[in-house]
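The first residue in the sequence is number 1, and the count goes up from there.
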Amino acid sequence: MKITIITVCYNRKATIEKAIQSVLSQNYPNIEYIIIDGNSKDGTQEIIESYKDRISKYISEPDKGMYDAINKGFQLATGDVIGLMHSDDEFYDRKAISRVAARFEYDSNIEGVYGDGIYVSNDKEERLIRDRIGGVFSLKRVKKGWLPLHPTVYLKKAVINKHGLYNLDFKIASDTEFLLRYLYKHKINMSYIDAYIVKMRMGGMSTSLKRAFEVLYEDYKIYKFHGLAAISVVFLKKSIALRQYIVH
(Lines give C-alpha, C1' and ligand atoms only; values in the text may rest on other atoms or scores of the structure.)
Protein backbone atom coordinates (compact mmCIF):
# COMPACT_ATOMS: atom_id res chain seq x y z
CA MET A 1 0.00 0.00 0.00
CA LYS A 2 1.38 3.37 -1.03
CA ILE A 3 0.60 6.30 1.27
CA THR A 4 0.87 9.84 -0.04
CA ILE A 5 1.73 12.61 2.41
CA ILE A 6 1.20 16.20 1.29
CA THR A 7 2.84 19.28 2.81
CA VAL A 8 1.78 22.73 1.66
CA CYS A 9 3.67 25.82 2.74
CA TYR A 10 4.32 29.49 2.20
CA ASN A 11 7.16 31.33 3.94
CA ARG A 12 7.71 28.65 6.59
CA LYS A 13 11.50 28.77 6.87
CA ALA A 14 11.40 28.35 10.66
CA THR A 15 9.46 25.07 10.68
CA ILE A 16 9.50 23.41 7.25
CA GLU A 17 12.70 21.43 7.82
CA LYS A 18 11.35 19.67 10.93
CA ALA A 19 8.17 18.80 9.03
CA ILE A 20 10.19 17.34 6.15
CA GLN A 21 12.50 15.39 8.45
CA SER A 22 9.49 14.04 10.31
CA VAL A 23 8.08 12.57 7.10
CA LEU A 24 11.40 11.24 5.83
CA SER A 25 12.13 9.52 9.16
CA GLN A 26 8.96 7.40 9.09
CA ASN A 27 9.71 3.68 9.19
CA TYR A 28 6.95 2.81 6.71
CA PRO A 29 8.68 1.90 3.41
CA ASN A 30 6.14 2.98 0.77
CA ILE A 31 5.58 6.73 1.13
CA GLU A 32 5.06 9.23 -1.66
CA TYR A 33 5.95 12.68 -0.34
CA ILE A 34 4.60 15.76 -2.14
CA ILE A 35 5.41 19.36 -1.24
CA ILE A 36 3.44 22.27 -2.68
CA ASP A 37 5.04 25.64 -2.00
CA GLY A 38 3.27 28.93 -2.72
CA ASN A 39 6.40 30.58 -4.18
CA SER A 40 7.98 31.39 -0.80
CA LYS A 41 10.44 34.29 -0.58
CA ASP A 42 11.96 33.73 2.88
CA GLY A 43 14.35 30.85 2.21
CA THR A 44 11.76 28.07 2.48
CA GLN A 45 12.40 26.97 -1.10
CA GLU A 46 16.12 26.57 -0.50
CA ILE A 47 15.46 24.28 2.48
CA ILE A 48 13.02 22.15 0.47
CA GLU A 49 15.44 21.89 -2.44
CA SER A 50 18.15 20.56 -0.13
CA TYR A 51 15.92 17.49 0.34
CA LYS A 52 14.76 17.33 -3.28
CA ASP A 53 16.31 13.91 -3.98
CA ARG A 54 14.13 12.40 -1.21
CA ILE A 55 10.90 14.20 -2.11
CA SER A 56 8.66 12.48 -4.66
CA LYS A 57 7.14 15.62 -6.18
CA TYR A 58 7.76 19.28 -5.50
CA ILE A 59 6.31 22.39 -7.12
CA SER A 60 6.59 26.03 -6.15
CA GLU A 61 4.18 28.50 -7.70
CA PRO A 62 1.62 31.09 -6.62
CA ASP A 63 -1.71 29.67 -5.45
CA LYS A 64 -5.05 30.82 -4.10
CA GLY A 65 -4.27 29.79 -0.53
CA MET A 66 -3.67 26.68 1.55
CA TYR A 67 -6.71 24.72 0.35
CA ASP A 68 -5.96 25.40 -3.30
CA ALA A 69 -2.43 24.11 -2.65
CA ILE A 70 -3.77 20.96 -0.96
CA ASN A 71 -6.06 20.36 -3.94
CA LYS A 72 -3.00 20.53 -6.21
CA GLY A 73 -1.37 17.90 -4.02
CA PHE A 74 -4.45 15.66 -4.21
CA GLN A 75 -4.39 15.88 -7.99
CA LEU A 76 -0.70 14.89 -8.10
CA ALA A 77 -1.04 12.06 -5.57
CA THR A 78 -0.76 8.46 -6.75
CA GLY A 79 -0.97 6.74 -3.35
CA ASP A 80 -3.77 4.42 -2.26
CA VAL A 81 -4.21 6.56 0.86
CA ILE A 82 -3.63 10.30 1.29
CA GLY A 83 -2.91 12.42 4.37
CA LEU A 84 -1.42 15.79 5.28
CA MET A 85 1.63 16.99 7.17
CA HIS A 86 1.28 20.72 7.82
CA SER A 87 4.45 22.76 7.60
CA ASP A 88 4.25 23.74 11.31
CA ASP A 89 3.73 20.17 12.53
CA GLU A 90 5.55 16.87 12.96
CA PHE A 91 4.62 13.23 13.35
CA TYR A 92 4.44 12.08 16.95
CA ASP A 93 6.95 9.31 16.30
CA ARG A 94 8.52 7.25 13.52
CA LYS A 95 5.73 4.65 13.55
CA ALA A 96 2.77 6.96 12.84
CA ILE A 97 2.33 6.03 9.17
CA SER A 98 2.91 2.34 9.90
CA ARG A 99 -0.05 2.49 12.29
CA VAL A 100 -2.19 4.16 9.63
CA ALA A 101 -1.25 1.55 7.02
CA ALA A 102 -1.87 -1.33 9.42
CA ARG A 103 -5.42 -0.16 10.08
CA PHE A 104 -6.28 0.07 6.39
CA GLU A 105 -4.72 -3.34 5.76
CA TYR A 106 -6.65 -4.86 8.67
CA ASP A 107 -10.04 -4.03 7.14
CA SER A 108 -10.41 -3.36 3.40
CA ASN A 109 -13.82 -1.75 3.98
CA ILE A 110 -12.34 1.16 5.91
CA GLU A 111 -12.40 4.37 3.85
CA GLY A 112 -10.66 6.67 6.31
CA VAL A 113 -8.81 6.65 9.62
CA TYR A 114 -7.91 9.24 12.26
CA GLY A 115 -6.12 9.33 15.58
CA ASP A 116 -4.97 11.59 18.40
CA GLY A 117 -2.72 14.64 18.45
CA ILE A 118 -0.90 16.89 20.88
CA TYR A 119 -0.34 20.65 20.91
CA VAL A 120 3.10 21.89 22.01
CA SER A 121 4.55 25.33 22.63
CA ASN A 122 6.23 27.09 19.74
CA ASP A 123 9.72 27.18 21.30
CA LYS A 124 12.74 24.94 21.78
CA GLU A 125 11.26 23.26 24.85
CA GLU A 126 8.09 22.21 22.99
CA ARG A 127 6.12 22.07 26.23
CA LEU A 128 2.92 20.06 26.12
CA ILE A 129 -0.01 22.50 26.02
CA ARG A 130 -2.87 20.06 25.62
CA ASP A 131 -3.82 16.91 23.80
CA ARG A 132 -6.69 16.06 21.51
CA ILE A 133 -8.06 12.55 21.90
CA GLY A 134 -10.23 11.52 18.95
CA GLY A 135 -12.22 8.69 20.50
CA VAL A 136 -14.34 6.09 18.73
CA PHE A 137 -16.16 7.40 15.68
CA SER A 138 -19.92 7.84 15.61
CA LEU A 139 -22.20 9.87 13.36
CA LYS A 140 -24.05 11.06 16.47
CA ARG A 141 -20.89 12.83 17.65
CA VAL A 142 -20.51 14.53 14.27
CA LYS A 143 -24.09 15.79 14.45
CA LYS A 144 -23.29 17.36 17.82
CA GLY A 145 -20.32 19.24 16.41
CA TRP A 146 -17.39 16.86 16.90
CA LEU A 147 -14.84 16.35 14.13
CA PRO A 148 -11.55 14.44 14.17
CA LEU A 149 -8.33 16.42 14.33
CA HIS A 150 -7.78 17.17 10.68
CA PRO A 151 -4.00 16.45 10.41
CA THR A 152 -4.62 12.95 11.77
CA VAL A 153 -7.13 12.07 9.04
CA TYR A 154 -6.09 9.72 6.22
CA LEU A 155 -8.46 8.88 3.37
CA LYS A 156 -8.40 6.46 0.48
CA LYS A 157 -7.66 8.22 -2.80
CA ALA A 158 -10.68 6.53 -4.39
CA VAL A 159 -12.91 8.16 -1.77
CA ILE A 160 -11.43 11.60 -2.46
CA ASN A 161 -11.92 11.07 -6.19
CA LYS A 162 -15.55 10.22 -5.49
CA HIS A 163 -16.50 12.96 -3.02
CA GLY A 164 -14.36 15.84 -4.20
CA LEU A 165 -11.66 18.28 -3.16
CA TYR A 166 -11.64 21.22 -0.77
CA ASN A 167 -14.33 23.83 -1.44
CA LEU A 168 -12.47 27.07 -2.21
CA ASP A 169 -15.59 29.14 -1.46
CA PHE A 170 -14.53 28.75 2.19
CA LYS A 171 -11.21 30.54 2.60
CA ILE A 172 -10.31 29.81 6.24
CA ALA A 173 -12.10 26.68 7.43
CA SER A 174 -12.57 24.63 4.27
CA ASP A 175 -11.22 21.66 6.21
CA THR A 176 -14.37 21.77 8.38
CA GLU A 177 -16.57 21.70 5.28
CA PHE A 178 -14.46 18.92 3.79
CA LEU A 179 -14.81 16.70 6.87
CA LEU A 180 -18.52 17.42 7.28
CA ARG A 181 -19.11 16.55 3.65
CA TYR A 182 -17.29 13.25 3.98
CA LEU A 183 -18.46 12.21 7.45
CA TYR A 184 -21.97 13.70 7.68
CA LYS A 185 -23.22 13.95 4.11
CA HIS A 186 -21.56 10.86 2.59
CA LYS A 187 -21.16 8.87 5.82
CA ILE A 188 -17.88 7.25 4.84
CA ASN A 189 -16.59 4.32 6.90
CA MET A 190 -14.13 5.80 9.44
CA SER A 191 -11.93 4.00 11.96
CA TYR A 192 -10.21 5.41 15.06
CA ILE A 193 -6.56 4.66 15.87
CA ASP A 194 -6.03 4.90 19.62
CA ALA A 195 -2.58 6.47 19.31
CA TYR A 196 -0.95 9.85 18.80
CA ILE A 197 -0.35 10.67 15.14
CA VAL A 198 0.78 14.32 15.07
CA LYS A 199 2.47 16.98 17.17
CA MET A 200 1.15 20.47 16.40
CA ARG A 201 2.79 23.76 17.36
CA MET A 202 0.68 26.47 18.94
CA GLY A 203 0.94 29.68 16.99
CA GLY A 204 0.76 28.03 13.58
CA MET A 205 -1.78 28.80 10.87
CA SER A 206 -4.63 27.08 12.68
CA THR A 207 -3.82 27.92 16.30
CA SER A 208 -3.20 31.70 16.44
CA LEU A 209 -5.90 33.52 18.39
CA LYS A 210 -6.92 35.87 15.58
CA ARG A 211 -7.15 32.97 13.20
CA ALA A 212 -9.20 30.99 15.70
CA PHE A 213 -11.89 33.68 15.78
CA GLU A 214 -11.90 33.89 11.99
CA VAL A 215 -12.30 30.11 11.78
CA LEU A 216 -15.14 30.25 14.30
CA TYR A 217 -17.09 32.66 12.12
CA GLU A 218 -16.55 30.66 8.95
CA ASP A 219 -17.47 27.45 10.78
CA TYR A 220 -20.84 29.06 11.49
CA LYS A 221 -21.41 29.55 7.77
CA ILE A 222 -20.28 25.98 7.04
CA TYR A 223 -22.56 24.34 9.59
CA LYS A 224 -25.42 26.49 8.34
CA PHE A 225 -24.52 25.46 4.78
CA HIS A 226 -24.88 21.79 5.76
CA GLY A 227 -28.13 22.39 7.68
CA LEU A 228 -26.92 21.01 11.01
CA ALA A 229 -29.08 21.86 14.00
CA ALA A 230 -26.22 21.56 16.47
CA ILE A 231 -24.62 24.89 15.64
CA SER A 232 -25.00 26.26 19.18
CA VAL A 233 -23.25 23.19 20.62
CA VAL A 234 -20.40 23.61 18.14
CA PHE A 235 -19.93 27.24 19.11
CA LEU A 236 -20.01 26.42 22.81
CA LYS A 237 -17.26 23.84 22.42
CA LYS A 238 -15.12 26.13 20.28
CA SER A 239 -15.58 29.01 22.71
CA ILE A 240 -14.31 26.77 25.51
CA ALA A 241 -11.33 25.82 23.36
CA LEU A 242 -10.57 29.50 22.74
CA ARG A 243 -10.68 30.23 26.47
CA GLN A 244 -8.20 27.39 27.03
CA TYR A 245 -5.96 28.92 24.40
CA ILE A 246 -6.11 32.36 26.07
CA VAL A 247 -5.25 30.80 29.45
CA HIS A 248 -2.19 29.14 27.95
Side-chain angles (χ1 to χ4, degrees), residues 1-10 31-38 56-57 59 61-87 89 100-101 103-104 107-115 134 137-139 141-143 145-192 197-198 205-206 214-231 234:
M1 175 186 294
K2 183 195 293 185
I3 296 184
T4 299
I5 301 172
I6 299 168
T7 294
V8 304
C9 58
Y10 178 68
I31 291 177
E32 174 184 58
Y33 189 28
I34 298 174
I35 298 183
I36 310 295
D37 176 70
S56 307
K57 298 173 185 176
I59 62 172
E61 62 185 20
D63 53 50
K64 299 176 183 177
M66 177 175 68
Y67 301 113
D68 179 41
I70 294 174
N71 283 348
K72 290 180 182 181
F74 281 162
Q75 291 166 338
L76 289 173
T78 62
D80 305 289
V81 170
I82 305 175
L84 306 178
M85 169 51 61
H86 292 326
S87 58
D89 303 339
V100 169
R103 182 56 56 91
F104 278 107
D107 184 350
S108 62
N109 293 318
I110 290 173
E111 297 175 291
V113 305
Y114 65 96
F137 179 83
S138 75
L139 188 59
R141 294 180 70 198
V142 175
K143 290 179 179 179
W146 171 87
L147 289 173
L149 185 61
H150 188 241
T152 74
V153 174
Y154 284 75
L155 301 169
K156 285 185 175 178
K157 179 175 173 60
V159 174
I160 295 174
N161 290 342
K162 182 177 181 180
H163 298 311
L165 306 178
Y166 285 86
N167 185 339
L168 301 187
D169 291 338
F170 300 104
K171 305 300 182 184
I172 301 171
S174 187
D175 51 347
T176 297
E177 193 283 323
F178 182 87
L179 291 175
L180 278 177
R181 185 176 359 126
Y182 277 62
L183 306 185
Y184 175 71
K185 181 178 179 180
H186 297 297
K187 299 178 177 58
I188 69 170
N189 185 10
M190 294 290 287
S191 180
Y192 168 57
I197 303 295
V198 297
M205 282 289 288
S206 62
E214 293 172 342
V215 169
L216 185 62
Y217 175 68
E218 188 156 284
D219 276 353
Y220 169 79
K221 295 190 292 184
I222 290 168
Y223 277 90
K224 188 176 181 180
F225 175 76
H226 280 284
L228 280 169
I231 292 175
V234 174

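The CD1 atom of I35 sits 11.0 Å away from atom CD1 of I59, with the distance rounded to the nearest 0.5 Å. With rounding to the nearest 0.5 angstrom, the CG atom of L139 is 12.0 Å from the CE atom of M190. Atom-to-atom distance recorded for L165:CG and N71:CG is 4.0 Å, nearest 0.5 angstrom. The distance from atom CG of L179 to atom NE2 of H150, rounded to the nearest 0.5 Å, is 5.0 Å.
Here the closest non-hydrogen pair linking D89 and P151 is OD2-CG, 4.2 Å. Contact record, I3 with A101: CD1-CB, 3.8 Å, taken as the closest heavy-atom pair.
Inter-residue side-chain proximity for V113 and V153 is flagged as unmet; no heavy-atom pair is nearer than 4.5 Å. Looking only at side-chain heavy atoms (C-beta outward), I36 and L76 come within less than 4.5 Å of each other. Side-chain atoms of Y33 and T7, non-hydrogen and from C-beta on, do get closer than 4.5 Å to each other. In this structure, the side chains of E111 and L155 stay at 4.5 Å or more apart for every pair of heavy atoms. When side chains are defined from C-beta on, I188 counts as touching L183, because their heavy atoms get closer than 4.5 Å. Counting only heavy atoms from C-beta outward, the side chains of L149 and V198 approach each other to under 4.5 Å. Residues L147 and L180 have side chains in contact (heavy-atom distance under 4.5 Å, counting atoms from C-beta outward).
The closest donor-acceptor contact from the side chain of N189 to the backbone of N109 lies under 3.5 Å. A distance-only check finds no donor-acceptor pair linking the side chain of D80 to the backbone of M1 [under 3.5 Å]. A donor-acceptor pair is defined here as one N or O able to donate and one able to accept, closer than 3.5 Å; no such pair exists between the side chain of S56 and the backbone of E32. In this structure a side-chain-to-backbone donor-acceptor pair under 3.5 Å is present from E218 to A173.
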query = Going through the distances and angles, do S174 and N167 end up as a side-chain hydrogen bond (donor to acceptor under 3.5 Å, both in side chains)?
reply = CA-CA 6 Å; S174 187; N167 185 339; 5.8 Å; no

request  = Output, in order, the C-alpha distance, side-chain angles, deciding distance and verdict of side-chain hydrogen bond (donor to acceptor under 3.5 Å, both in side chains) for Y223 and T176.
outcome  = CA-CA 9 Å; Y223 277 90; T176 297; over 6 Å; no

request  = Starting from the C-alpha separation in whole Å, work towards a yes-or-no answer on ring pair (Phe, Tyr, Trp, His ring centres under 6.0 Å) for F170 and Y67.
outcome  = CA-CA 9 Å; F170 300 104; Y67 301 113; 9.6 Å; no

task = Evaluate the side-chain contact (heavy atoms from CB on, under 4.5 Å) criterion for residues L84 and H86: first the C-alpha distance (whole Å), next the side-chain angles of each, then the deciding distance (0.1 Å), finally the verdict.
result = CA-CA 6 Å; L84 306 178; H86 292 326; 3.9 Å; yes

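The six-membered or imidazole ring of Y166 lies near that of F178, with a centre-to-centre distance under 6.0 Å. Between Y192 and Y114, the ring center distance clears the sub-6.0 Å criterion.
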Please set out all donor-acceptor pairs under 3.5 angstrom arising from side-chain atoms of residues 157-164, sequence neighbours excluded.
from	atom 1	to	atom 2	distance (Å)
K157	NZ	A77	O	3.1
H163	ND1	H186	ND1	3.4

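The side chain to side chain contact (heavy atoms under 4.5 Å, CB included) test with K57 singles out one residue from I6, T78, T4, and that residue is T78.
Between H226 and Y184, the angle of the ring planes goes over 60°, which puts this pair in the perpendicular group of the 30/60° scheme.
Sorted by first and then second residue, the salt bridge (Lys or Arg N to Asp or Glu O under 4.0 Å) pairs involving residues 174-190 (not counting sequence neighbours) are E177-R181.
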